[in-house]
Amino acid sequence: MGLLDELKQRILIADGAMGTLLYSHGVDRCFEELNLSNPDEIIHIHEAYIAAGADVIQTNTYGANYVKLARYGLQDEVPAINRAAVRLAKQAANGGAYVLGTIGGLRTLNKSVVTLEEVKRTFREQLFVLLAEGVDGVLLETYYDLEELETVLAIARKETDLPIIAHVSLHEVGVLQDGTPLADALSRLEALGADVVGLNCRLGPHYMIQSLEEVPLPNRAFLSAYPNASLPDYRDGRLVYETNAEYFEEAAKAFRDQGVRLIGGCCGTTPKHIEAMAKALADRTPVTEKTVKRRTASVSVQADRPAPTPLPELARTRRSVIVELDPPKQLGIDKFLAGAKALHDAGIDALTLADNSLATPRISNAAVATIVKERLGVRPLVHITCRDRNLIGLQSHLMGLHTLGITDVLAITGDPSKIGDFPGATSVYDVSSFDLIRLISQFNEGLSYSGKPLGQKTNFSIGAAFNPNVRHLDKAVERMEKKIQCGAHYFLTQPVYSEEKIVQIYETTKHLATPIYIGIMPLVSARNAEFLHHEVPGITLSDEIRARMAACGSDPVEAAREGIAIAKSLIDAAFDLFNGIYLITPFLRYDMTVELVRYIHEKEAAAKERKVVHG
């Protein structure tokens with residue numbers, strides 16, 4: 001009788017954790033490598049779980065793939081480690097338990113770190129070794145990213161007729177991190193050919209049972225659950241799981257009531273936990289009917305807060321000018337506010353505020369944005385980098401901006417900390433700019449990163465960065481298109497210093513409906529020009545412009561005049577091609593950007609007058 005035949009008739013008990021059990025034994029290195037260097041330890045753990053009552057055990061291969069083994073310099077040992085793992089599990093089982101070949105998920109917070117192509121490549125390598133060694137089934141576990149799990153499940157189903165168990169992992173009760181309800185996700189996995197669908201990791205029994213209360217019994221597949229022992233505690237530099245094994249006796253009965261037929265354990269569980277569940281389910285009788293709870297989350301739209309016309313809509317319908325004025329590096333904002341007021345009076349549509357540009361500490365742009373909005377009536381566009389905040393901080397920051405009524409944001413990666421004033425500071429980068437755009441888009445649907453309802457939908461207008469100062473502009477445009485797919489509403493470019501480049505940008509992006517604000521930053525000196533060209537990432541100056549600035553010598557007035565002249569010629573080049581102009585203020589020299597704003601409005605007025613005359 002095979003695994004699926006048994007599941008049709010009775011509940012099966014699976015094993016518990018391998019990694020955290022080894023960790024509790026003092027092992028603090030690559031757990032999968034122990035298949036080669038300490039096989040007796042692995043066999044002993046398998047045997048302990050079988051003795052505790054496990055009908056199903058899994059190979060010690062959760063992280064035995066190219067990507068994760070490469071962290072230890074073991075990427076060439078993928079076949080050997082996986083082969084050894086199956087042989088050890090089969091030796092321990094000795095025909096008395098089913099052996100599942102385990103493959104863990106790769107994507108966590110930052111999906112962009114591992115591409116789907118890389119996922120497919122490393123998955124196939126591990127899968128083929130496990131199948132060749134004769135496992136009784138395949139266990140796909142700890143997949144937070146549904147797209148990744150659906151991708152590898154399709155591959156596995158094509159390659160084998162063996163039973164496939166597919167497990168998602170949740171941050172929040174009943175919902176995946178992309179907002180997909182658990183019931184819908186498991187239904188999709190069943191449709192792709194999974195024989196057993198369920199949950200493992202992250203949640204303890206309490207919240208995992210709550211999640212399963214919303215899941216109906218599958219049409220063909222069976223349900224499974226591998227809960228963590230508890231939430232981990234951090235003590236004396238180590239993670240500790242405290243849950244009493246007897247607690248799992250009652251939990252096992254509750255899992256059975258939810259229709260689960262394969263019950264095991266994940267992080268923090270031990271043979272004692274498995275023994276407790278086996279004891280509780282001694283008769284192994286499954287349920288064949290269940291009542292499904294329906295939970296509805298209330299998400300509202302802030303109707304009492306009038307939202308300004310989105311910036312991309314302005315750029316679609318008329319000339320739109322936004323200006324960047326960096327928050328000060330030192331305390332005191334009088335000069336900054338004077339500049340903001342002058343720019344507002346000159347007629348800008350929004351004031352963009354960088355987020356510690358060039359990795360240099362500045363007054364919080366959220367604080368400055370609130371002040372200019374409330375005191376001056378200036379519309380702030382707040383930059384958000386991936387560098388300075390982890391995923392928790394990013395979400396808190398977005399919630400704060402929404403609460404303050406700030407709806408315009410620019411999602412960017414952020415310059416690495418090593419180029420700034422504190423090169424030893426940590427660059428977080430939990431997410432990429434693509435992921436940050438997706439996160440903000442998800443907020444606009446009323447969902448946090450984990451899929452938890454926020455109670456309200458945000459109304460962020462999402463800007464994204466576009467760097468055209470690259471050798472292969474077509475590749476940069478491909479990145480733009482990917483950002484549009486992620487949810488970007490419009491783009492701001494890095495400063496452009498070539499009229500030919502502006503035309504080239506137009507030609508390579510004219511197929512896109514997404515508005516682009518062309519970045520223009522006036523130069524203030526030859527030294528400034530050389531610094532930008534040679535030392536600032538993403539900015540390139542032509543030889544002609546550098547020569548024009550060099551000809552000004554050390555005369556600051558002449559240099560500023562020439563910088564303004566160059567900027568005006570660039571505005572002229574962009575004027576008939578792009579509605580959006582993005583002016584970057586150098587060194588708080590707002591007088592220069594005020595002059596450029598007025599120049600743009602004068603050109604616009606003259607163009608309208610000519611249109612009326614020639615009617």
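All of these numbers come straight from a predicted model, not from anything done at the bench. Sequential numbering from 1 along the given sequence is applied to the chain's residues.
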**Asked** Just wondering, do T509 and F491 contact through their side chains at under 4.5 Å, heavy atoms?
**Response** no
**Message:** How close do I81 and N35 get, counting heavy atoms only, and between which atoms?
**Reply:** O-ND2, 3.4 Å
**Prompt:** CG of D161: more than 12 outside heavy atoms within 6.0 angstrom?
**Reply:** no
**Request:** Measure from the side-chain N and O atoms of S187 to the backbone N and O of A183, and report whether any donor-acceptor pair falls under 3.5 Å.
**Result:** no
**Asked** Are any side-chain N or O atoms of Y143 and backbone N or O atoms of E150, one a donor and one an acceptor, separated by less than 3.5 Å?
**Response** no
**Fill in**
The reported gap from CD in Q210 to CD in Q258 (rounded to nearest 0.5 angstrom) is 10.5 Å
**Prompt:** With no hydrogens and no angle check, do the side chains of Y98 and E6 hold a donor and an acceptor under 3.5 Å apart?
**Reply:** yes
**Message:** Just so I know, are the side chains of F466 and Q494 near enough to count as touching, which here means a heavy-atom distance under 4.5 Å?
**Reply:** no
**Message:** Return the CD to OG1 distance between E141 and T61, rounded to the nearest 0.5 Å.
**Reply:** 8.5 Å
**Asked** Less than 4.5 Å apart, any side-chain heavy atom of D355 and any of R389?
**Response** yes
**Request:** Go through the steps for R157 and D195 under the test salt bridge (Lys or Arg N to Asp or Glu O under 4.0 Å), then give the verdict.
**Result:** CA-CA 10 Å; R157 187 72 289 166; D195 301 292; 2.9 Å; yes
**Message:** Can you confirm if the aromatic rings of F443 and H402 lie within a centre distance of less than 6.0 Å?
**Reply:** no
**Request:** Would you kindly say whether S427 and S417 are connected by a side-chain donor-acceptor distance under 3.5 Å?
**Result:** yes
**Message:** Which label fits Y144 and H171: parallel for a plane angle under 30°, tilted from 30 to 60°, or perpendicular past 60°?
**Reply:** parallel
**Item:** K482 to F434 six-membered ring, cation-pi geometry met (6.0 Å, 45°)
**Value:** yes
**Prompt:** Can you tell me if R202 uses its side chain to pair, donor with acceptor, with the backbone of S169 under 3.5 Å?
**Reply:** no
**Prompt:** Counting only N and O atoms by type, is there a donor-acceptor contact under 3.5 Å from the side chain of S441 to the main-chain atoms of C486?
**Reply:** yes
**Close side-chain approach of N82 and T59, heavy atoms under 4.5 Å** = no
**Message:** Pair S432, D435 - check side-chain hydrogen bond (donor to acceptor under 3.5 Å, both in side chains), show working.
**Reply:** CA-CA 5 Å; S432 69; D435 300 317; 3.0 Å; yes
**Message:** Give me the atom names and distance for the closest heavy-atom approach of H167 to L149.
**Reply:** O-CD2, 3.7 Å
**Message:** Closer than 4.0 angstrom, basic N to acidic O: yes or no for E133 and K90?
**Reply:** no
**Complete:** For Y490 and S461, the nearest pair of non-hydrogen atoms, with its separation, is CE2-OG, 3.5 Å
**Any side-chain donor near an acceptor of the partner, H511 and E481, under 3.5 Å** = yes
